[in-house]
Amino acid sequence: MPELPEVETIRRDLLAKVVNKQVVSVEILSNKSAHNPVAFFRRNLIGYSFFDIKRRGKLLIFNISSDKHLLIHLKMTGQLIYVDKKTRLAGGHKLNEGDFVQAVGGELPNRFTRVVIEFKDKSKLFFNDMRKFGYLKIVDETELSRLLNNNYGIEPLTDDYTWNNFKDIFKNRRTSVKALLLNQKVIAGLGNIYVDEALFLSGVRPNRKTNSLKEVEKKILFRMIRQVIKRAIDYRGTTFKDYTDSEGKKGNFSKLLKVYGREGEECCKCKRGIKKIRLAGRGTHYCSYCQK
DNA sequence: GTGTTTGTTATCAA
DNA sequence: CTTGATAACAAACA
């Protein structure tokens with residue numbers, strides 16, 4: 001379940017690993033995963049390289065050394081794992097730490113590998129995706145700006161993330177604060193895990209209507225969202241099930257989660273039980289004492 | 001066989 | 001027109 005911190009971790013890692021390396025081959029093992037005709041997809045990658053990697057919300061944007069861009073969305077179970085020549089020639093992709101999660105299994109490609117991009121230095125980038133929700137798509141400048149302009153709200157780690165912009169997202173809305181924060185067109189990058197965490201850190205119940213939040217609650221939420229996102233990036237993301245970084249390693253933020261996945265456990269503040277309900281169609285975790 | 005997991009979109013309703 | 005609520009998608013696991 002890669003959200004902003006996980007996608008950002010992958011972006012930073014891959015910047016150092018694949019930028020300015022020429023693509024020499026592209027294997028598409030599942031047509032569903034590449035959202036272009038196969039011939040178009042291969043023709044627009046082979047022979048080119050990526051000169052930069054950007055991110056908007058949970059979407060990765062690889063700038064191709066042409067006028068095009070490779071979009072990669074991991075959705076729920078997507079992974080991008082990079083293996084260099086040395087590791088490949090060593091006869092396997094197992095890490096000493098034994099850190100590969102189950103879905104990777106230590107072997108690449110594996111049965112969930114959908115796309116493989118090989119670079120001139122014999123390194124390879126594997127796109128694994130158990131559930132085939134994720135995708136790779138090559139778009140031109142026009143389509144890219146259309147997508148970015150229409151689908152993404154304020155971005156927590158940029159200069160756009162100001163108190164003025166944040167408080168505006170509550171205007172003229174009356175849904176639950178959980179649904180609001182999950183809406184990528186309102187605020188980009190949060191998913192189920194970090195919404196629950198940010199609301200706990202702010203002492204706000206997920207089912208509160210957006211127009212019921214007091215100014216001070218919104219202010220705390222504004223700060224806590226940025227804080228939890230930053231901390232999670234510092235810890236290289238959260239692995240709850242399938243997420244791994246570009247080396248197949250798990251994220252370290254999992255043990256710092258206060259409510260997500262902790263149904264029935266003691267609240268770290270008040271020692272009462274963490275509750276789990278269904279809200280906005282999602283499993284929702286909170287403390288009914290600490291969150292008002 | 002059933003329920004559960006979630007990012008995003010489609011669809012329908014208000 | 002806008003906004004919201006919900007189903008659907010897909011695959012695996014308990």
Side-chain angles (χ1 to χ4, degrees), chain A residues 1-8 10 29-35 55-61 71-80 100-105 110-115 127-137 139 143 146-153 155-156 168-199 206-212 229 232 237-244 251 253-254 257 259-264 274-286:
Chain A
M1 292 155 260
E3 303 177 27
L4 194 162
E6 291 76 31
V7 177
E8 180 63 14
I10 291 171
L29 290 79
S30 161
N31 279 341
K32 234 188 143 313
S33 302
H35 283 198
R55 178 190 58 72
R56 185 75 167 96
K58 303 165 192 169
L59 182 71
L60 283 168
I61 304 156
L71 310 181
I72 302 186
H73 203 302
L74 302 172
K75 291 284 180 89
M76 292 180 58
T77 57
Q79 304 171 328
L80 277 174
F100 267 6
V101 296
Q102 219 172 6
V104 176
N110 61 34
R111 68 193 173 110
F112 301 128
T113 302
R114 312 303 183 190
V115 179
F127 174 72
N128 298 337
D129 187 19
M130 181 177 77
R131 290 169 66 176
K132 296 189 182 180
F133 273 26
Y135 64 85
L136 288 74
K137 184 178 189 184
V139 297
E143 189 171 0
R146 187 184 61 79
L147 286 171
L148 297 186
N149 289 333
N150 295 336
N151 297 311
Y152 296 94
E155 182 78 40
D168 277 351
I169 70 177
F170 289 83
K171 284 184 183 161
N172 303 321
R173 294 179 183 276
R174 62 185 66 82
T175 183
S176 66
V177 63
K178 167 123 186 182
L180 182 80
L181 298 179
L182 282 174
N183 187 342
Q184 302 300 299
K185 294 182 181 178
V186 170
I187 178 168
L190 298 178
N192 208 29
I193 296 175
Y194 295 108
V195 168
D196 281 4
E197 292 300 307
L199 287 170
N207 64 351
R208 285 275 298 282
K209 298 294 172 194
T210 49
N211 58 3
S212 80
I229 291 287
T238 300
T239 296
F240 195 72
K241 197 167 181 293
D242 300 303
Y243 168 75
T244 75
F253 196 71
S254 322
L257 295 176
V259 288
Y260 185 87
R262 296 201 181 279
E263 181 187 12
I274 300 296
K275 288 191 162 56
K276 182 178 178 184
I277 59 168
R278 201 150 190 90
L279 182 65
R282 298 289 172 250
T284 300
H285 314 72
Y286 70 102

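What you see is a predicted model, and the numbers here were worked out from it, not measured in a lab. Letters go in sequence order (proteins before strands), and every chain restarts at 1.
With sequence neighbours excluded, no residue forms a ring pair (Phe, Tyr, Trp, His ring centres under 6.0 Å) with Tyr194(A). In terms of the side chain to side chain donor-acceptor pair (under 3.5 Å) criterion, residue partners of Glu8(A) (sequence neighbours excluded) are, by chain and number, Arg11(A), Arg12(A), Arg55(A). Remark: Glu263(A) engages no residue in a salt bridge (Lys or Arg N to Asp or Glu O under 4.0 Å) (not counting sequence neighbours). The side-chain contact (heavy atoms from CB on, under 4.5 Å) check on Thr113(A) picks up Leu108(A), Pro109(A), Asn110(A), Val116(A), Phe126(A), Asn128(A), with sequence neighbours excluded. Applying the side-chain contact (heavy atoms from CB on, under 4.5 Å) rule to Thr210(A) yields the partners Phe170(A), Arg173(A), Thr175(A), Leu180(A); only residues at least two apart in sequence or on another chain are considered. Checked against side-chain contact (heavy atoms from CB on, under 4.5 Å), Arg174(A) has the following partners two or more places apart in sequence or in another chain: Asn211(A). Ser176(A) meets the side-chain contact (heavy atoms from CB on, under 4.5 Å) test with Lys178(A), Ala179(A), Leu279(A); sequence neighbours excluded. Contacts of Asp168(A) classified as side chain to side chain donor-acceptor pair (under 3.5 Å), with partners at least two apart in sequence or in another chain: Lys171(A). Checked against salt bridge (Lys or Arg N to Asp or Glu O under 4.0 Å), Arg208(A) has the following partners two or more places apart in sequence or in another chain: Glu217(A).
Comparing dT6(B), dA11(C), dA10(C) against the side chain of Asn192(A) picks out dT6(B) as the nearest. When the nucleotides dG7(B), dA10(C), dC13(C) are ranked by their closest atom to the side chain of Arg111(A), dC13(C) comes out on top. The side chain of Lys75(A) lies closest to dG7(B), out of dT6(B), dG7(B), dA10(C).
Atom CD in Glu263(A) sits roughly 14 Å away from atom C1' in dG3(B) (whole-Å rounding). The nearest whole Å value for the distance from the CZ atom in Phe112(A) to the P atom in dA12(C) is 5 Å. Per the geometry, CG belonging to Asn207(A) stands 16 Å off C1' belonging to dG4(C), to the nearest Å. A straight line from NZ of Lys171(A) to C1' of dG4(C) spans 21 Å, rounded to a whole angstrom. For the pair Leu4(A) CG and dG7(B) C1', the interatomic distance rounds to 14 Å; values are reported in whole Å. Summarising the geometry, the separation between CG on Leu190(A) and P on dG7(B) is reported as 10 Å, rounded to the nearest angstrom. Look at CG on Asp129(A): it is 13 Å from P on dA10(C), rounded to the nearest Å. Nucleotide dG7(B) holds its P atom 21 Å from the NZ atom of Lys137(A), rounded to whole Å.
Phosphate contact (OP1/OP2 of dT9(B), side-chain N/O of Tyr135(A), threshold under 4.0 Å): absent.
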Do any N or O atoms of the protein come closer than 3.5 Å to N or O atoms of nucleotides 10-13 of chain B, and which pairs are they?
none

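Salt bridge annotation for Lys58(A)-Glu6(A): absent, with no cationic side-chain nitrogen under 4.0 angstrom from a carboxylate oxygen.
Heavy-atom distances under 4.0 Å link DNA chain B to Lys276(A), Arg278(A), Arg282(A), Gly283(A) of residues 274-285 of chain A, given in residue order. Contacts between residues 172-188 of chain A and DNA chain C, counted as heavy-atom distances below 4.0 Å, involve Arg173(A), Arg174(A), Thr175(A).
Glu155(A) places a side-chain heavy atom less than 4.5 Å from the side chain of Arg56(A).
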